[in-house]
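Notes follow once the structure below has been shown.
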Amino acid sequence: LQLVESGGALVQTGGSLNLSCSASGAGFEDYVIGWVRQAPGKEREGVSCIVTERSGLHYAASAKGRFTISRDKAKRIVYLQMNSMKPEDTAVYYCAAGTNVRLRLTDQQTMCILEDFDSWGQGTKVTVYS
């Protein structure tokens, strides 16, 4: 699966952005899709991932209540709607996909294991200023 992200921009604290991940290749509906971010000088962090539309939506603790992941199968796009944005959301956001992606459960969150994703986009930059 090939992935292309778009929608990154400069946004003020409290603002919103809607990132898009366009997929090409066979089997889009069979893939687990995730959004992963990497801030300067920090490790990659799973933000959200979609396993199944009914009950398989997962969010990082930092994203819960502010971000929403969704998938449009007809358009082959996965979205990440980000609201109430904060300066700490500043990062390059990557879309990732895999067919055998496990979940890691902690006290704070359930998140897809990043190492299980085998397709990655090039990233889109998000900067939140105060």
Is any side-chain heavy atom of R71 closer than 4.5 Å to one of E29? no
When clusters are formed by joining ILVMFWY residues with side-chain heavy atoms under 4.5 Å apart, either directly or through shared neighbours, do [X] and [Y] land in the same one?
X: L57; Y: M82; value: yes
X: V92; Y: V11; value: no
X: V36; Y: L105; value: yes
X: V51; Y: V47; value: no
X: Y94; Y: V101; value: yes

Minimum heavy-atom distance between [X] and [Y], given as atom pair plus value:
X: W120; Y: L114; answer: CZ2-O, 3.8 Å
X: Y59; Y: I69; answer: OH-N, 2.9 Å
X: D30; Y: T99; answer: O-CG2, 4.4 Å
X: L1; Y: A26; answer: CD1-O, 3.9 Å
X: L103; Y: C49; answer: CD2-SG, 4.4 Å
X: D72; Y: F28; answer: O-CE2, 4.0 Å

Spatial distance of atom [atom1] ([X]) from atom [atom2] ([Y]) [nearest 0.5 Å]:
X: Y31; Y: L3; atom1: OH; atom2: CG; value: 9.0 Å
X: K64; Y: H58; atom1: NZ; atom2: NE2; value: 10.0 Å
X: K86; Y: S62; atom1: NZ; atom2: OG; value: 8.0 Å
X: S70; Y: I77; atom1: OG; atom2: CD1; value: 10.0 Å
X: F117; Y: C95; atom1: CZ; atom2: SG; value: 8.5 Å
X: E88; Y: K42; atom1: CD; atom2: NZ; value: 8.0 Å

All N/O donor-acceptor pairs, side-chain side in residues 121-130, below 3.5 Å, sequence neighbours left out:
| residue | atom | partner | partner atom | Å |
| --- | --- | --- | --- | --- |
| Q122 | NE2 | E5 | O | 3.3 |
| Q122 | NE2 | E5 | OE1 | 3.4 |
| T124 | OG1 | G8 | N | 2.9 |

Is E45 paired with R37 through a side-chain N to carboxylate O contact shorter than 4.0 Å? yes
Taking R44 for its side chain and Q38 for its backbone only, find out whether a donor-acceptor pair lies under 3.5 Å. no
Exercise answer: donor-acceptor pairs, residues 16-24 side-chain atoms, under 3.5 Å, sequence neighbours excluded:
| residue | atom | partner | partner atom | Å |
| --- | --- | --- | --- | --- |
| S16 | OG | N83 | OD1 | 2.9 |
| S24 | OG | Q2 | OE1 | 3.4 |

